[in-house]
Amino acid sequence: MKYNQKTENFFADVYEVTRLIPRGRVTSYGAIVNYLGTKGGARMVGWAMNNCHREVPEVPAHRVVNRDGLLTGKHHFGTPEMMQQLLESEGIKVIEDKVQDFQKLFWNPIDEL
DNA sequence: TTGCTGACCGACG
DNA sequence: CCGTCGGCCAGCA
């Protein structure tokens, strides 16, 4: 599969930022988009994540949630429970598909990078 | 080319 | 609180 240079660059940036998320922390699609300069649109981040499973090394997509801290993409993992399981294994509490203390655990690439 | 969809977000009523 | 719409861009029929 080949993508445009634009798309490849976008993908690379998204994956790079996602991999930089510290263990036990989370971020949002909007934050990544904002960090990249809203290039490509917010929905493209999710679209990129849909392809991340074939990327190497593994992209911690489970650390990326929507702006409310909801695990909107959990159905795109092997099983719907996997995303929550991975987060809890890192010490993140998840209740009803929602990250607890989201504001506290939120990792903003703009602020950190 | 058109129209619909999508792991989003913000604004409106 | 909930539904709807517009904007963003790529993929597909």
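By convention in this document, chain letters (A, B, ...) are assigned in the order of the sequence lines, proteins followed by strands, and residues within each chain are numbered from 1.
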Would you give me the side-chain donor-acceptor pairs under 3.5 Å for residues 17-24 of chain A, sequence neighbours excluded?
{"unit_1": "A:Thr18", "atom_1": "OG1", "unit_2": "A:Val14", "atom_2": "O", "d": "2.6"}
{"unit_1": "A:Arg23", "atom_1": "NH2", "unit_2": "A:Ser89", "atom_2": "O", "d": "3.1"}

| Quick one: do A:Val64 and A:Tyr35 end up in the same hydrophobic cluster if we chain Ile, Leu, Val, Met, Phe, Trp and Tyr together by side-chain heavy atoms under 4.5 Å apart? | yes
| query | Any donor and acceptor pair, going by atom type alone, linking the side chain of A:Asn51 with main-chain N or O of A:Trp47 inside 3.5 Å? | reply | yes
| query | Between the side chain of A:Asn108 and the main-chain N/O of A:Ile110, is any donor-acceptor distance below 3.5 Å? | reply | yes
| request: Please list, chain by chain and in numerical order, all residues satisfying side-chain hydrogen bond (donor to acceptor under 3.5 Å, both in side chains) with A:Glu90, sequence neighbours excluded. | output: A:His62, A:Arg63
| query | When Ile, Leu, Val, Met, Phe, Trp and Tyr are grouped by side-chain heavy atoms lying under 4.5 Å apart, directly or through other members, which residues fall in the same group as A:Leu87? | reply | A:Val26, A:Val65, A:Leu71, A:Phe77, A:Met82, A:Met83, A:Leu86, A:Ile92, A:Val94, A:Val99, A:Phe102, A:Leu105, A:Phe106
| said: For the backbone of A:Ala48 and the side chain of A:Tyr15, can you confirm whether one donor and one acceptor N or O come within less than 3.5 Å of each other? | reply: yes
| request: Starting at the 5' end of nucleotides 6-13 of chain B, put B wherever the base has a protein heavy atom under 4.0 Å, S where only the sugar-phosphate does, and a dash everywhere else. | output: BBBSS---
| Between C:dT4 and B:dC4, how far is it from one P atom to the other, in whole Å? | 16 Å
| task | State the CE-CG distance between A:Met44 and A:Leu36, to the nearest 0.5 angstrom. | result | 13.0 Å
| Rounded to the nearest 0.5 Å, what separation is found between the CD atom of A:Gln84 and the NZ atom of A:Lys98? | 13.0 Å
| said: Apply side-chain contact (heavy atoms from CB on, under 4.5 Å) to residues A:Thr72 and A:Tyr29 and explain how you reach the verdict. | reply: CA-CA 11 Å; A:Thr72 53; A:Tyr29 302 94; 3.9 Å; yes
| Could you give the CZ-to-P distance, from A:Phe10 to C:dG11, as a whole number of Å? | 12 Å
| message | Which residues in residues 97-109 of chain A have a heavy atom closer than 4.0 Å to any atom of DNA chain B? | response | none
| query | Could you write out DNA chain C as a dot-bracket string, with dots for unpaired bases, | for bases paired across to another strand, and Watson-Crick or G-U pairs counted at under 3.5 Å? | reply | .||||||.|||||
